[in-house]
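Please read all numbers here as calculations on a predicted model, not as lab measurements.
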Protein chains: 2
Amino acid sequence: MTAAPDFEQLLRGADLRVTRPRLAVLGAVHAHPHADTDALISAVRADASVEGEVSHQAVYDVLRALTAAGLIRRIQPSGSVARYETRVGDNHHHVVCRSCGAISDVDCAVGHVPCLTATDDNGFVIDEAEVVYWGTCPDCITVPSS
Amino acid sequence: MTAAPDFEQLLRGADLRVTRPRLAVLGAVHAHPHADTDALISAVRADASVEGEVSHQAVYDVLRALTAAGLIRRIQPSGSVARYETRVGDNHHHVVCRSCGAISDVDCAVGHVPCLTATDDNGFVIDEAEVVYWGTCPDCITVPSS
DNA sequence: CTCCTTTTCTTGAATGATTCAAGATCTGAC
DNA sequence: GTCAGATCTTGAATCATTCAAGAAAAGGAG
């Protein structure tokens, strides 16, 4: 895993105020890629740099602000709650296990800007192509069913 | 739009019992591609062939049964509720308008089995690649904002 | 450093899609 | 026609997410 970037600089660079909850959330998302909001709330509250509590509402607000600023990316495969990751900018996608819901990163097979040119875009102006691969993860393959 | 297929035959072919609610739901999904559950419930209740009411629970159950049988496909872009379509089997994808949520079909630019070979699948056994294009629909382009 | 404005966080409640549960009804096979 | 099991009805519960109003903190100006 890469070293933790300077979260404070990231926030300032995005014209966002630097607050403890934001630093904690940013750190939590970085430390737990693909974690859902609930897990992030727990991680933030376990963070030593945050003495008191952090309300769940604050985490929701911060996640939205960070997503809007492009510092984190929100993913939400069908049947799952929202999940977040700090890996942004590169064009990578995800494999989701149908059995246990595990998510893993994958680089696109096609190239840097995958599938971005739809054959017939129906007049839509497309700015992003999101790819979700569905399958079964190694764990669920070796242990077929319980 | 293609002619309505024989829904009863479709159900029997999938080893599903033929009931009025199922025929009505199948017809509603066929008539309203990309409709959400709520819209489908309304469509089903407006269906003349269904005299009495049909409970929302029945529609949920039917949608799940039809999806499991592969007669319909469930899609759920981030931030949207579940939507359904009868176009299955071909490998097509969707464009979603960030502004109004409109969904339109698109054929894959890459080929018949798009992106299905991830460069590094992390040990996952992939069986489907789902592509969602994000952008702005024609209506929301001409009428930028309200 | 102190004050002020605006943004952000806390507390507490509400929303709404979806699911759970138990019993009644209907389907399809014999 | 009868029967077992699948399916539907009714009614309530779940839970991620959002809404709302006031308190607290951030950052720029003086």
Side-chain angles (χ1 to χ4, degrees), chain A residues 7-26 28-29 34-45 47 49-69 71-72 74-84 101, chain B residues 7-26 28-29 34-45 47 49-69 71-72 74-84 101:
Chain A
F7 297 133
E8 183 171 342
Q9 281 307 318
L10 281 175
L11 288 173
R12 293 195 190 284
D15 269 315
L16 291 174
R17 292 189 176 178
V18 178
T19 67
R20 252 199 312 279
R22 285 183 173 173
L23 291 172
V25 169
L26 209 37
V29 176
H34 310 143
D36 59 30
T37 309
D38 216 48
L40 293 173
I41 291 174
S42 299
V44 165
R45 290 181 176 163
D47 189 325
S49 71
V50 183
E51 301 119 46
E53 284 288 277
V54 175
S55 66
H56 70 117
Q57 185 61 62
V59 176
Y60 273 99
D61 284 348
V62 170
L63 288 173
R64 183 184 315 193
L66 296 180
T67 303
L71 295 186
I72 63 176
R74 174 187 169 131
I75 59 177
Q76 185 176 25
S78 288
S80 169
V81 297
R83 293 163 179 280
Y84 298 87
Chain B
F7 298 133
E8 184 172 341
Q9 280 306 317
L10 280 175
L11 288 173
R12 292 194 190 285
D15 269 316
L16 291 174
R17 291 190 176 179
V18 178
T19 67
R20 253 198 310 280
R22 286 184 172 175
L23 291 172
V25 169
L26 208 37
V29 176
H34 309 144
D36 60 30
T37 309
D38 216 49
L40 292 173
I41 291 174
S42 299
V44 165
R45 289 180 177 164
D47 189 326
S49 70
V50 183
E51 301 120 44
E53 285 287 277
V54 175
S55 68
H56 70 116
Q57 185 60 63
V59 176
Y60 273 98
D61 285 347
V62 170
L63 288 172
R64 182 184 315 194
L66 296 180
T67 302
L71 295 186
I72 63 176
R74 173 189 171 128
I75 58 177
Q76 184 175 26
S78 288
S80 168
V81 296
R83 292 162 179 281
Y84 298 87

For atom [atom1] of [X] and atom [atom2] of [N], their distance in whole Å:
X: B:Leu23; N: C:dC26; atom1: CG; atom2: P; result: 16 Å
X: A:Leu66; N: C:dT7; atom1: CG; atom2: P; result: 17 Å
X: A:Leu16; N: C:dC9; atom1: CG; atom2: P; result: 10 Å
X: B:Leu11; N: C:dT27; atom1: CG; atom2: P; result: 13 Å
X: A:Leu40; N: D:dA16; atom1: CG; atom2: P; result: 13 Å
X: A:Gln57; N: D:dC15; atom1: CD; atom2: C1'; result: 15 Å
X: B:Leu63; N: D:dT7; atom1: CG; atom2: P; result: 14 Å
X: A:Tyr60; N: D:dC15; atom1: OH; atom2: C1'; result: 9 Å

If you look at every strand shown and take non-hydrogen atoms under 4.0 Å, does A:Arg20 touch a base, only sugar-phosphate, or nothing?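 Nothing: the residue A:Arg20, judged by heavy atoms under 4.0 Å, touches no strand.
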
Does A:Ala82 reach a base, just sugar-phosphate, or nothing at all? Heavy atoms under 4.0 Å. sugar-phosphate

Of the listed nucleotides [options], the one nearest the side chain of [X]:
X: A:Pro21; options: D:dT7, C:dC9, D:dG11; answer: C:dC9
X: B:Val81; options: D:dT17, C:dT18, C:dT10; answer: C:dT18
X: B:Asp61; options: D:dC8, C:dT10, C:dT18; answer: D:dC8
X: A:Ser55; options: C:dT19, C:dT8, C:dT10; answer: C:dT10

Treating B:Arg22 as the side-chain partner and B:Arg17 as the backbone partner, does any N or O pair qualify as donor plus acceptor under 3.5 Å? yes

Do A:Gln76 side-chain atoms and B:Gly79 backbone N/O form a donor-acceptor pair below 3.5 Å? yes

Let me know which of A:Leu26, A:Leu11, A:Leu10 forms a side chain to side chain contact (heavy atoms under 4.5 Å, CB included) with A:Leu16. A:Leu11

Can you tell which of A:Asp36, A:Val29, A:Thr37 makes a side chain to side chain contact (heavy atoms under 4.5 Å, CB included) with A:Arg83?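 When A:Asp36, A:Val29, A:Thr37 are each tested with A:Arg83, the side chain to side chain contact (heavy atoms under 4.5 Å, CB included) holds only for A:Asp36.
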
Does [X] have a side-chain nitrogen or oxygen under 4.0 Å from the phosphate oxygens OP1 or OP2 of [N]?
X: B:Arg64; N: C:dT19; value: yes
X: A:Arg12; N: D:dG27; value: yes
X: B:Thr19; N: D:dC8; value: yes

Between A:Val62 and A:His56, just flag the one whose closest nucleotide in DNA chain C comes earlier from the 5' side. A:Val62

Hey, which of these two, B:Arg17 or B:Val59, hits DNA chain D nearer its 5' end, going by closest nucleotide? B:Arg17

Could you tell me the separation between the CG atom of A:Leu40 and the CZ atom of A:Arg45, rounded to the nearest 0.5 Å?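 Rounded to the nearest 0.5 Å, the CG-CZ separation comes out at 12.0 Å.
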
